[in-house]
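For this chain, numbers begin at 1 and follow the sequence in order.
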Amino acid sequence: MEPQTGFLRHIRFAQRYNRSLFMPFVIAGRTVGSVRREVGLLIGQEAGFYVRGDELHLQTNPDTNEHRTRALAQASVLLSNNYQVGLTRELYPVVEAWGEESLATIDRAAIPWFGTMGVGVHVNGFVRGADGALSLWVGKRSASRRIDPAKLDNVIGGGHPLGYTLQENLEKEGMEEAGFPPAIMARAKPVGAIHYQVEMMKGLRNDLLFMFDLELQPHELPHNTDGEVESFTLMPSAEVMRLVHDTDAFKFNCNLVIIDFLLRHKILTPDHPDFPVVSQAMAEVRAKGV
């Protein structure tokens, strides 16, 4: 039986991936994702797609980014209707690895159905007290959000759409989610990335999250501008740690971003009984070479 409390359960949740249920998704000889077998067989009948061996391939004629994108869009509409899940019209690149040239473009909602890489930026916004103790700004997601409504969240977190640099996206998300101008977002420090693969949303979340620390002054208060965050609360780091350990109040991937913060800032210390296994488990999800 899965534990109901503890840090490790959040990390293990994000690694639940039974590969036997999926087949690789291949474009131009590159494995860019994984699709559930029943989806692969369904999509394999669409124009440009075919199943060969244990793989779903996309090869259009001519085999260009534009034509692949068109084929993916048509297949995404089919799956959208099949799952009764609307498309977002937010476009994301299809790549095998971060930094590579995009092989096609895909609607954000369809990313899990094809198991392609979803990239995001998450920011831990914190305030340092006079005694040196850290507090974290915690957002509460709007009850109208399609994904994880009313869950707790990092002060800033969002996907990384086509056409933005990481810094440009940080500035965009910072203004939309927390009302922070570029001058504040310029202080956000990159602290690494995590990569996880977890079965959810009718497919596979294959996410690469770039993490940032943003130290804020007491007068720098977040305020949402796009309606996606209901409220913000400044919480002592010990209370945030308790919530992560004892509850499922946070959106699932935010738990990992916070655990990383707690370890790096020595809030979760070797004195804690979970420290050895949590440190090892987080090392497994930290992305290498990005």
Side-chain angles (χ1 to χ4, degrees), residues 2 10-28 30-59 68-98 100 102-120 122 145-149 151 157-162 193-209 248 251-256 285 287:
E2 293 294 326
H10 295 303
I11 306 169
R12 293 296 178 235
F13 174 87
Q15 296 172 308
R16 292 180 177 177
Y17 175 24
N18 184 349
R19 284 172 168 78
S20 69
L21 302 177
F22 291 77
M23 62 171 60
F25 177 40
V26 180
I27 299 178
R30 311 295 294 271
T31 301
V32 297
S34 296
V35 299
R36 296 190 69 90
R37 293 187 181 281
E38 62 271 22
V39 171
L41 295 175
L42 175 64
I43 297 302
Q45 303 173 41
E46 292 297 297
F49 293 87
Y50 64 93
V51 174
R52 183 173 67 195
D54 193 42
E55 298 175 339
L56 175 67
H57 288 255
L58 171 57
Q59 184 173 359
R68 296 170 192 149
T69 294
R70 190 177 303 162
L72 271 172
Q74 292 171 347
S76 297
V77 169
L78 173 66
L79 291 173
S80 173
N81 293 333
N82 187 65
Y83 291 136
Q84 295 297 297
V85 174
L87 298 175
T88 66
R89 305 191 187 280
E90 296 178 63
L91 299 181
Y92 281 66
V94 176
V95 297
E96 184 178 31
W98 169 254
E100 294 183 347
S102 176
L103 297 171
T105 302
I106 190 171
D107 188 281
R108 183 178 188 176
I111 289 175
W113 305 336
F114 291 92
T116 57
M117 181 178 288
V119 179
H122 278 243
R145 297 291 295 273
R146 181 171 67 90
I147 299 172
D148 292 325
K151 285 271 191 177
H160 186 68
L162 190 70
I194 56 175
H195 176 243
Y196 55 81
Q197 295 178 310
V198 55
E199 294 174 41
M200 58 172 22
M201 298 173 68
K202 313 295 185 182
L204 182 73
R205 288 283 297 268
N206 175 21
D207 292 347
L208 176 67
L209 299 186
D248 294 319
K251 183 171 178 280
F252 85 97
N253 52 7
C254 298
N255 289 298
L256 277 63
V285 298

Between [atom1] of [X] and [atom2] of [Y], what distance do you get to the nearest 0.5 Å?
| X | Y | atom1 | atom2 | answer |
| --- | --- | --- | --- | --- |
| Tyr92 | His160 | OH | NE2 | 9.0 Å |
| Lys202 | Asn82 | NZ | CG | 9.0 Å |
| Arg52 | Glu55 | CZ | CD | 6.5 Å |

Evaluate the side-chain proximity of [Y] to [X]: yes if any heavy-atom separation is below 4.5 Å, no if none is.
| X | Y | answer |
| --- | --- | --- |
| Phe13 | Met200 | yes |
| Ile43 | Leu78 | yes |
| Phe25 | Met23 | no |
| Leu162 | Pro93 | yes |
| Asp207 | Met117 | no |

- request: Check step by step if salt bridge (charged side-chain N to carboxylate O under 4.0 Å, His left out) holds for Glu100 and Arg30.
  value: CA-CA 11 Å; Glu100 294 183 347; Arg30 311 295 294 271; 2.8 Å; yes

Main chain of [Y], side chain of [X]: is a donor-acceptor contact present, judged purely on distance under 3.5 Å?
| X | Y | result |
| --- | --- | --- |
| Ser80 | Val85 | yes |
| Asn206 | Gln197 | no |
| Asn81 | Val77 | yes |
| Arg68 | Leu103 | yes |
| Thr105 | Leu91 | no |

- request: Give a yes or no on whether Lys151 atom NZ has more than 12 heavy-atom contacts from other residues, nucleotides or ligands under 6.0 Å away.
  value: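 Correct, the count exceeds 12.
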
- request: I would like to know whether His10 and Asn253 meet side chain to side chain donor-acceptor pair (under 3.5 Å); could you show each step before the answer?
  value: CA-CA 8 Å; His10 295 303; Asn253 52 7; over 6 Å; no

query: Are the aromatic rings of His195 and Trp98 close, with centres under 6.0 Å apart?
result: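 Centroid separation for His195 and Trp98: 6.0 Å or greater.
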
query: Is the centre of the Tyr196 ring less than 6.0 Å from the centre of the Phe252 ring?
result: yes

- request: Could you check Thr116, Leu56, Val95, Val94 and say which one makes a side chain to side chain contact (heavy atoms under 4.5 Å, CB included) with Ile27?
  value: Val94

For His122, ring pair (Phe, Tyr, Trp, His ring centres under 6.0 Å) partners two or more places apart: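 Result, ring pair (Phe, Tyr, Trp, His ring centres under 6.0 Å) vs His122: none returned.
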
Nearest atoms (heavy-atom pairs only) where [X] meets [Y]:
| X | Y | value |
| --- | --- | --- |
| Asp107 | Leu87 | OD2-CB, 3.5 Å |
| Phe114 | Ala75 | CZ-CB, 3.9 Å |
| Ala71 | Leu58 | CB-CD1, 3.8 Å |
| Val198 | Ala14 | CB-O, 3.5 Å |
| Pro112 | Met201 | CB-O, 3.7 Å |

- request: Can you label the angle between the His57 ring and the Tyr50 ring as parallel, tilted or perpendicular, going by 30° and 60°?
  value: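 His57 and Tyr50: parallel rings.
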
- request: Walk me through it: do Trp113 and Leu204 pass the test side-chain contact (heavy atoms from CB on, under 4.5 Å)?
  value: CA-CA 7 Å; Trp113 305 336; Leu204 182 73; over 6 Å; no

For residues 33-40, which side-chain donor-acceptor pairs fall under 3.5 Å, sequence neighbours excluded?
unit_1, atom_1, unit_2, atom_2, d
Ser34, OG, Tyr17, OH, 3.0
Arg36, NE, Glu38, OE2, 3.0
Arg37, NE, Ser20, O, 2.8
Arg37, NH1, Asp54, OD1, 2.3
Arg37, NH2, Phe22, O, 3.2
Arg37, NH2, Asp54, OD1, 3.4
Arg37, NH2, Asp54, OD2, 3.3

